[in-house]
2 protein chains.
Amino acid sequence: MNYLENAITCMKGNVFPISRAQKGAVIYHQNDLARFRFEVAAGVIRTTYLFADGRRQVTGFCFEGEVFGTDQGIYKTSAEVVSETARVRRFCWGDSAEDERALNKSLGLLENSILLIGRRTALSRVAAFLADIRLRTKGSQWIPLPMPRADIADYLGLTVETVSRMFSELRRKRLIAQLEDHLVQIIDQERLEALAGVGTDEIPPGHASDNFPPHRTHYPR
Amino acid sequence: MNYLENAITCMKGNVFPISRAQKGAVIYHQNDLARFRFEVAAGVIRTTYLFADGRRQVTGFCFEGEVFGTDQGIYKTSAEVVSETARVRRFCWGDSAEDERALNKSLGLLENSILLIGRRTALSRVAAFLADIRLRTKGSQWIPLPMPRADIADYLGLTVETVSRMFSELRRKRLIAQLEDHLVQIIDQERLEALAGVGTDEIPPGHASDNFPPHRTHYPR
DNA sequence: CGACGCCTTGACCCCAGTCAAGTGTGGTGG
DNA sequence: CCACCACACTTGACTGGGGTCAAGGCGTCG
C-alpha cells in the first residue's frame with residue numbers, strides 16, 4: 001500500500017499542504033479515479049503507462065513547479081517518485097482559473113514530449129532530452145538525472161544499452177561530462193542543441209504562408 | 001495568404017459559425033498568436049511542427065468532434081486541412097467550463113499520441129495507428145486515411161517507404177485490405193491489436209500496488 | 001562474503017533508413 | 001487527343017544504426 005494519501009493530512013478546501021514521498025512511492029495508479037491534480041514542489045516525478053503485455057511507456061518527467069495528474073475522470077498513467085524524495089502539492093478541481101493554468105502546463109509538457117520522442121536517431125533523442133531538461137531545470141550547466149537509465153529508455157523509445165552508449169558517445173565528443181551516473185554537466189551546449197536539432201523557432205509568426213506554401217511536399221528527413 | 005479567417009464571418013460572442021476550408025488550407029501557423037481554439041465538424045486536420053532545419057513532426061490528426069488549437073499564448077504547431085475539405089467551429093476563450101472540456105480533450109489526444117509514437121517496431125506503430133483511428137472514427141471497419149503517407153510517416157517517426165512497406169505487410173498478413181490508397185478495411189481486428197500491443201487496460205484500478213510493487217525493475221522490451 | 005541492482009561495453013545481426021527505379025493518376029499545354 | 005510533367009505510392013537492393021545477448025565493473029545491502 002504505497003499510496004501517498006496515507007502520508008497526507010487532508011484539509012478543507014481545494015489546496016492541501018505539501019507532502020513528502022520517498023523514492024519509488026506511487027502517487028496514483030493508472031486507472032485510478034482521478035480526484036486530484038498535483039504540482040511538484042521538489043524532486044522528480046515520472047508518469048508511466050503499463051501495457052497489458054507488460055511493456056512500459058514513460059510518458060513524462062515532472063520537475064519542480066511542473067504539474068501532473070490533470071487527467072479527468074480516470075488517470076491514464078501512473079505517477080511515481082523518481083528522486084530520493086519528493087514533495088508535491090495536491091489540488092482538488094474547482095477553481096476554474098487555476099484549473100485552466102494547470103491543464104495548460106500539462107499540455108505544454110506533453111507537446112514537448114512528442115517533439116522529443118519523434119526524433120529519428122538515438123543520439124538526437126538523448127541530446128534533445130538533455131537540452132530539454134536543462135531548460136526545465138532553469139538552465140544550470142549541471143543537470144540532475146535522478147531517474148535510472150531504464151526510465152530514460154522507456155521515455156525515448158530506446159533500450160538501456162543504447163541510452164548508455166549515447167551518453168558515452170556524448171562524453172567522447174566532449175559535449176557533456178558525467179560527475180556521477182545521475183549528474184551531468186553540459187560542456188558544449190551549442191553543439192548539443194545542434195545535435196538535438198533544437199527547433200529554435202526561426203519560423204516567423206504571422207503570415208508566414210509565403211515561406212511555407214500549403215502544398216509543400218518535400219521535407220528533409 | 002491561406003488563412004482561414006478570410007472565409008470566416010465573425011460573430012459577437014464566443015462561438016463562431018462553422019466554416020469551410022479546402023485541402024491544404026492553413027488554419028493557423030506555428031508561432032501565431034493563439035486567439036482561438038477549434039473543433040472539427042467534418043474532415044481531418046493535422047497539426048505540425050517545423051524544426052529550424054526543415055524537418056517536420058506531425059504532432060497529431062484531428063477527426064470529427066475533436067479539438068485543436070488549445071495552446072495558450074502562442075500556437076506551438078501549425079494546423080492544416082488534410083481532407084479534401086473540412087469544416088471547423090471556432091471558439092474564443094471565455095466560458096470556463098467549456099474551455100476546460102476542450103483542454104481535456106486535447107490532453108487525451110496528446111497522451112494517446114505519445115503511447116503511439118513510443119512503440120518500438122515500425123509494424124507495431126502502424127498497426128497501433130490504424131487501431132487508434134478505428135476507435136476515433138467510431139469503430140467502422142472502413143477507415144478513412146485522407147492524409148498522405150508522408151504525414152503518417154512524420155507522425156510515427158518513420159519514412160514513407162517504411163510506412164508503405166508496413167501497409168503491404170499488413171495486407172500480406174491479411175489483417176487489412178486496401179480499397180484505395182486512402183481507404184483501409186480492417187480484416188482481423190484482433191490480430192491487428194495484438195500486433196499493436198494495445199494496452200487494453202487490464203490493470204485493475206484502485207490499490208493495485210500489490211500487483212506492481214514500486215520497485216519493480218524489469219519490464220519486457 | 002555473495003546477491004542484487006544499475007550501468008557500461010563488446011559482438012552479432014536484423015530492422016528500418018537510404019538510394020533508386022517503376023507504376024498509376026491528375027493536370028497542363030500543344 | 002496525346003505528350004509531358006508533377007506527385008504519390010510502391011518495391012527492390014544495400015547498408016548502417018540500434019536491438020539483442022552476454023559479460024564485467026561498481027556500489028549497496030543482507
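Every chain is numbered from 1 and lettered A, B, ... according to where its sequence line falls, protein lines coming before strand lines. All figures in this text were calculated on a predicted structure; none of them were measured in a lab.
- Atom CG of B:D154 and atom P of C:dA16 are 17 Å apart (whole Å).
- Side-chain nitrogen and oxygen atoms of A:T162 include at least one within less than 4.0 Å of the OP1 or OP2 phosphate oxygen of D:dG19.
- Straight-line distance from the CZ atom of A:R120 to the C1' atom of D:dG17: 14 Å, rounded to whole Å.
- Taking atom CG of residue A:L145 and atom P of nucleotide C:dT8, one finds them 11 Å apart after rounding to whole Å.
- In this structure B:D188 satisfies the salt bridge (Lys or Arg N to Asp or Glu O under 4.0 Å) test together with B:R191, sequence neighbours excluded.
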**OP:** Begin with the C-alpha distance, continue with both residues' side-chain angles, and end with the deciding distance and a verdict on side chain to side chain contact (heavy atoms under 4.5 Å, CB included) for B:F68 and B:V40.
**Re:** CA-CA 8 Å; B:F68 63 96; B:V40 180; 3.6 Å; yes
**OP:** Step by step, work out the side-chain hydrogen bond (donor to acceptor under 3.5 Å, both in side chains) result for A:S106 and A:T70.
**Re:** CA-CA 7 Å; A:S106 287; A:T70 50; 2.8 Å; yes
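- Residues B:V58 and B:Y49 fail the side-chain proximity criterion, which asks for heavy atoms closer than 4.5 Å.
- Nearest heavy atom pair, residue B:R37 against residue B:A102, reads NH1-CB, 3.6 Å.
- Within the structure, a side-chain polar atom (N or O) of B:H182 is placed less than 4.0 Å from OP1 or OP2 of D:dC9.
- Rounded to whole angstrom, the span from the OH atom of B:Y219 across to the C1' atom of C:dG5 amounts to 14 Å.
- Spacing between atom CZ of B:R55 and atom C1' of C:dG17 amounts to 14 Å, rounded to whole angstrom units.
- As rounded to whole Å, 16 Å separates atom P of D:dA8 from atom CZ of B:F167.
- Taking only side-chain nitrogens and oxygens, A:T159 comes nearer than 4.0 Å to OP1 or OP2 of D:dG19.
- When each of C:dC7, C:dA16, D:dT10 is scored by its nearest atom to the side-chain atoms of B:S168, the top-ranked nucleotide is D:dT10.
- Regarding contacts with the backbone of C:dC7, every side-chain N or O of A:Q178 stays at 4.0 angstrom or more from both OP1 and OP2.
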Identify the pairs formed between an N or O of the protein and an N or O of nucleotides 19-21 of chain C at a distance under 3.5 Å, and give each distance.
{"residue": "C:dC19", "atom": "N4", "partner": "B:E161", "partner atom": "OE2", "Å": "3.4"}

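- Among A:I143, A:L145, A:L158, A:I117, the single residue meeting the side-chain contact (heavy atoms from CB on, under 4.5 Å) criterion with A:F129 is A:L145.
- The distance from atom CG of A:L158 to atom P of C:dT8 is 14 Å, rounded to the nearest whole Å.
- For A:L123 and D:dG19, the CG to P distance is 13 Å, given to the nearest whole Å.
- In this structure A:R87 satisfies the salt bridge (Lys or Arg N to Asp or Glu O under 4.0 Å) test with no other residue, sequence neighbours excluded.
- Toward the 5' end of DNA chain C, the nearer of the two residues A:S164 and B:V163, judged by each one's closest nucleotide, is A:S164.
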